[in-house]
Amino acid sequence: MVRGLAVALLLTLGLEVVHGLQSPWSGPVERLLGLEPALLAIGVLLVWAFIVFLHALTNRFWLAAGIVTSAAAVIAIADFLKLEFRGEPLFLTDAAYLSEVGFLIENVGAGTSIALLSLLLAAPLLGWAIARSPFVRNLRRRRRPPAETPAPTRGRRAAWLRVASGAAALTVILTAGTFNWPGSPARALYEAAGATWRPWNQLQNYEDNGVIAGLLYTLPASAMDEPEGYTEAAMDELVERYSERAAELNAERDEAALADTNIVVVLSETLSDPLRLPDITAEEDPIPFLRELMASHPSGTLVSSGYGGGTANMEFEVLTGMAVSNMQAQVDSPFQSVVANEESFPSHLVTLGAPEREAIAIHPYEAKFYRRWEVYPALGFERWAFREDLPHLGKLPGDRHVSDSALFEEVLRELRASEGPMFVNAVSMQNHSPQQGLADPIAVNGPLSAAQAETAGQYLRGLKHSDDALRELVDDLAELDERTIVLLYGDHLPSTWPREILDAGGDLARYETPWVVFANFPLVEVASPDPIGANQLMNQVLDAAAAPHTPWTALLHDVAGELPVMERTAWLDARGRVVSAENLTGRALDLLADYQLAQFDLVSGEGWATETLLAPAEQATAGPTTPAAAQPERL
């Protein structure tokens with residue numbers, strides 16, 4: 001028992017030290033000394049419980065210790081790598097990526113992947129080898145009870161002790177698993193020991209409460225807490241209020257503004273403007289055409305939900321108008337943990353998809369990644385295609401991903417083949433990490449190591465290929481005899497840049513990406529908030545086309561006037577100042593309450609207002625409507 005506690009103590013301290021190597025606020029030793037001892041003790045006890053349970057199960061201490069050590073090593077390294085590449089700590093839901101071996105190898109490299117797998121296998125084998133070693137065997141002989149104790153009695157006592165200790169340890173483990181349940185004793189214990197939680201900042205939770213507490217905080221939970229005042233009567237009032245607001249906004253808009261019009265949404269993987277970063281210059285501008293397009297069309301800066309990743313969260317916000325920051329902190333990926341579990345999920349496709357438009361999704365990557373093969377039909381897409389469905393799509397020489405040019409050609413092929421208008425959601429992969437293999441990288445100057453400069457040069461060359469593909473898309477759409485409007489946006493920056501450069505750019509530099517709306521017909525000149533969050537992007541399409549609002553988009557319109565950015569990375573008011581729910585007053589607080597009520601009703605509530613909120617403008621005050629059902633299928 002004592003040796004198990006000693007191993008648990010060493011593993012817990014090891015997790016904290018490795019995490020501290022990537023801490024943005026303090027060094028590993030300083031951070032470790034600053035942690036509340038009571039919080040560390042609870043973590044040690046939980047790790048000890050796993051060792052005791054496995055020991056009871058296997059009757060081999062060193063094997064049990066080896067298994068737990070292996071798991072701790074994988075957690076420590078995965079947390080270290082995620083902090084390095086994404087700037088955020090490990091979530092327990094990240095375990096889903098273990099099934100995406102190819103994706104992990106692409107992102108962290110074959111060497112690191114092999115090392116992780118070796119650790120996973122080596123630690124239990126090492127434990128078994130230690131257990132079978134002469135040293136441990138001799139140690140066991142010395143610790144045998146006196147000979148006068150009959151062997152059967154010793155065996156029964158040992159068995160009962162293992163059963164009792166195993167049952168106690170399992171109780172501790174199962175209790176910890178209730179961490180995010182209402183009234184959880186595990187959470188109460190942590191809070192009694194001094195833990196404080198920041199739902200909007202998991203990195204701070206790790207920093208303040210320790211790695212074990214941080215991991216427990218990411219255990220599954222309900223998608224949203226029920227907001228205060230959520231009743232059917234309140235939702236009726238909210239629908240009436242924003243139906244009237246939609247009518248006001250639509251008074252000068254054309255109900256048929258988007259009739260017979262294709263709507264194309266392009267998530268451009270890792271699209272950003274590297275020349276916005278301080279002290280970074282390049283021998284060639286990687287995005288000259290995008291700058292030209294943004295100068296003459298509705299456009300601006302988007303605040304991403306993460307650095308170096310978080311693509312699916314941006315896609316979720318764009319397609320639904322919902323803010324991930326309104327959800328529980330444990331909902332790391334709504335696609336995986338919320339949408340994929342539903343047969344249907346509210347989205348802008350209720351208005352912009354069938355029956356007026358055939359809705360399709362094109363993503364030249366794995367169907368199961370972020371569970372998109374389940375997500376797309378739930379959101380209302382009728383057809384979808386992934387990498388395995390698109391073997392004909394080409395790649396840039398030296399690159400492993402489908403090129404933007406090939407993706408755009410596939411989008412155009414679909415538009416040309418369709419007899420009616422379409423809604424196309426296209427998610428690119430060309431500039432996904434690792435950035436390597438392209439000929440003629442663009443020379444990048446700045447405070448970079450040789451390796452960083454090489455990676456940055458590859459990234460910029462990839463951006464230039466994307467920029468050229470965008471120019472071709474605009475030219476091809478100009479010749480298309482179908483009205484088409486396009487929203488293009490970047491999901492996040494690459495994990496290429498050193499922390500010093502990002503810090504020098506200010507709090508938002510690592511999260512800023514471009515967006516633009518363009519069409520092959522004249523658009524309305526509108527003043528959009530800048531920057532904005534991804535949940536507001538579809539409203540920019542409506543505004544640029546002078547298209548009518550639904551009660552839901554009217555609510556989003558008013559929220560944008562007070563809180564145009566509501567990402568987990570930052571909330572910004574209309575003047576670009578960082579704010580939080582705690583310091584809002586007046587109209588901003590009222591709009592936030594309405595927004596959270598509406599989103600809860602759409603996601604987790606009774607759905608009292610769902611159909612009416614999302615109804616097309618002409619039906620907004622006519623009561624609930626049900627969109628035509630369609631049988632989803634693969635492209």
Side-chain angles (χ1 to χ4, degrees), residues 84-87 106-107 109 266-295 299 301-302 304 307-309 311 364 393-409 427-475 488-506 508-516:
E84 181 177 5
F85 292 123
R86 294 276 302 274
E106 286 181 7
N107 280 270
V266 178
L267 186 160
S268 185
E269 172 63 41
T270 320
L271 175 64
S272 70
D273 183 357
L275 302 187
R276 287 173 64 102
L277 296 173
D279 302 322
I280 294 295
T281 59
E283 292 188 358
E284 181 181 354
D285 184 355
I287 52 172
F289 182 71
L290 177 59
R291 295 187 200 283
E292 178 184 327
L293 197 65
M294 292 177 67
S299 62
T301 300
L302 182 65
S304 174
Y307 170 68
T311 298
L393 296 191
K395 305 173 183 178
L396 295 172
D399 197 9
R400 65 185 65 186
H401 297 300
V402 169
S403 70
D404 283 3
S405 179
L407 176 65
F408 293 160
E409 278 298 321
V427 180
S428 79
M429 280 296 294
Q430 178 188 289
N431 295 312
H432 199 286
S433 63
Q435 289 85 21
Q436 59 188 24
L438 298 179
D440 189 26
I442 295 177
V444 179
N445 302 307
L448 304 167
S449 68
Q452 290 167 340
E454 171 63 23
T455 301
Q458 288 282 328
Y459 171 60
L460 265 65
R461 178 54 65 194
L463 286 179
K464 185 59 172 65
H465 284 297
S466 295
D467 199 63
D468 293 340
L470 178 60
R471 184 188 297 272
E472 292 175 6
L473 175 64
V474 171
D475 290 343
L488 179 140
Y489 65 99
D491 55 345
H492 56 75
L493 273 70
S495 55
T496 299
W497 309 109
R499 181 178 292 168
E500 295 74 20
I501 290 177
L502 298 172
D503 290 344
L508 297 179
R510 69 195 68 202
Y511 306 123
E512 293 177 335
T513 68
W515 67 270
V516 61

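Because the structure is predicted, anything quoted here is derived from the model rather than measured. Residue numbers start at 1 and run along the sequence shown.
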**Q** Got a salt bridge between Asp285 and Lys464, using NZ or NE/NH1/NH2 to carboxylate O under 4.0 Å?
**A**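 No.
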**Q** Report the distance from atom OG of Ser405 to atom CG of Asp468, rounding to the nearest 0.5 Å.
**A**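 Going from OG on Ser405 over to CG on Asp468, the span is 9.0 Å.
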**Q** In this structure, which one of Leu271, Leu293, Leu290 forms a side-chain contact (heavy atoms from CB on, under 4.5 Å) with Asp467?
**A**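 Result for side-chain contact (heavy atoms from CB on, under 4.5 Å) with Asp467: Leu290.
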**Q** Show the numbers, then the answer: is there a side-chain contact (heavy atoms from CB on, under 4.5 Å) between Leu275 and Arg291?
**A** CA-CA 12 Å; Leu275 302 187; Arg291 295 187 200 283; 3.6 Å; yes
**Q** Quick one: closest heavy-atom pair of Asp491 and Ser268, and the distance?
**A**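 Distance-wise, the nearest heavy atoms are OD1-O, 3.5 Å.
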**Q** What distance do Glu472 atom CD and Phe289 atom CZ have between them, rounded to the nearest 0.5 Å?
**A**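 Going from the CD atom of Glu472 to the CZ atom of Phe289 covers 10.5 Å.
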**Q** Which atom pair, heavy atoms only, marks the closest approach of Asp440 to Arg461?
**A**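 That closest heavy-atom pairing would be O-NE, 2.6 Å.
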**Q** What is the distance from atom CH2 of Trp497 to atom OH of Tyr307, rounded to the nearest 0.5 Å?
**A**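 The CH2 atom of Trp497 sits 8.5 Å away from the OH atom of Tyr307.
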**Q** Which atom names give the shortest non-hydrogen contact between Val444 and Ala453, and what distance separates them?
**A**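 Reported closest heavy-atom pair: O-CB, 4.3 Å.
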**Q** State, with a plain yes or no, whether a side-chain heavy atom of His465 is found less than 4.5 Å away from one of Asp399.
**A**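 Answer no - side chains too far apart.
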**Q** Is there a side-chain contact (heavy atoms from CB on, under 4.5 Å) between Ser466 and Gln430 once you walk through the steps?
**A** CA-CA 8 Å; Ser466 295; Gln430 178 188 289; 2.9 Å; yes
**Q** Between Leu463 and Ser272, which heavy-atom pair has the shortest distance, and what is it?
**A**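 Scanning both residues completely, I find the closest heavy atoms to be CD1-O, 3.7 Å.
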**Q** Treating Tyr459 as the side-chain partner and Thr270 as the backbone partner, does any N or O pair qualify as donor plus acceptor under 3.5 Å?
**A**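 Present.
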**Q** If only atom types and distance count, is the side chain of Gln436 paired as donor or acceptor with the main-chain N or O of Gln458 below 3.5 Å?
**A**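 Not confirmed, Gln436 side chain does not pair with Gln458 backbone.
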**Q** For side-chain contact (heavy atoms from CB on, under 4.5 Å), just list the numbers for Thr311 and Glu269, CA-CA rounded to whole Å, side-chain angles, deciding distance to a tenth of an Å, and then say yes or no.
**A** CA-CA 8 Å; Thr311 298; Glu269 172 63 41; 3.5 Å; yes
**Q** What are the two closest non-hydrogen atoms of Lys395 and Arg400, and how far apart are they?
**A**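 The answer is NZ-O, 3.2 Å.
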**Q** First locate atom CG of Leu502, then atom CG of Leu508, and finally report the distance between them rounded to the nearest 0.5 Å.
**A**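 Atom-to-atom, Leu502:CG and Leu508:CG are 12.0 Å apart.
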**Q** Rounded to the nearest 0.5 Å, how far does CG of Asp475 lie from CG of Leu470?
**A**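 The CG atom of Leu470 sits 9.5 Å away from the CG atom of Asp475.
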**Q** What I'd like to find out is whether the side chain of Pro447 reaches to under 4.5 Å of the side chain of Glu500, using heavy atoms alone.
**A**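 Side chain of Pro447 against side chain of Glu500, heavy atoms only: no contact under 4.5 Å found.
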**Q** Once you round to the nearest 0.5 Å, how far does CG of Asp404 lie from CG of Asn431?
**A**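 Reported value, rounded in 0.5 Å steps: 6.0 Å.
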**Q** Could you tell me if the side chain of Leu448 sits less than 4.5 Å from the side chain of Ile280, heavy atoms only?
**A**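 Yes - at least one pair of side-chain heavy atoms lies under 4.5 Å apart.
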**Q** If the condition is side chain to side chain donor-acceptor pair (under 3.5 Å), which residues does Tyr489 pass it with, not counting sequence neighbours?
**A**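 Checked Tyr489 against side chain to side chain donor-acceptor pair (under 3.5 Å); zero matches.
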**Q** Side chain to side chain contact (heavy atoms under 4.5 Å, CB included) with Val402: which residues, sequence neighbours excluded?
**A**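 So Val402 forms a side chain to side chain contact (heavy atoms under 4.5 Å, CB included) with Pro364, Leu393, Ala406.
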**Q** Provide the closest heavy-atom pair for Gly490 versus Thr513 in the form atom of the first, atom of the second, distance.
**A**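 Smallest interatomic distance, heavy atoms only, reads O-OG1, 2.8 Å.
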**Q** Step by step, would you call His401 with Leu396 a side-chain contact (heavy atoms from CB on, under 4.5 Å)?
**A** CA-CA 8 Å; His401 297 300; Leu396 295 172; over 6 Å; no
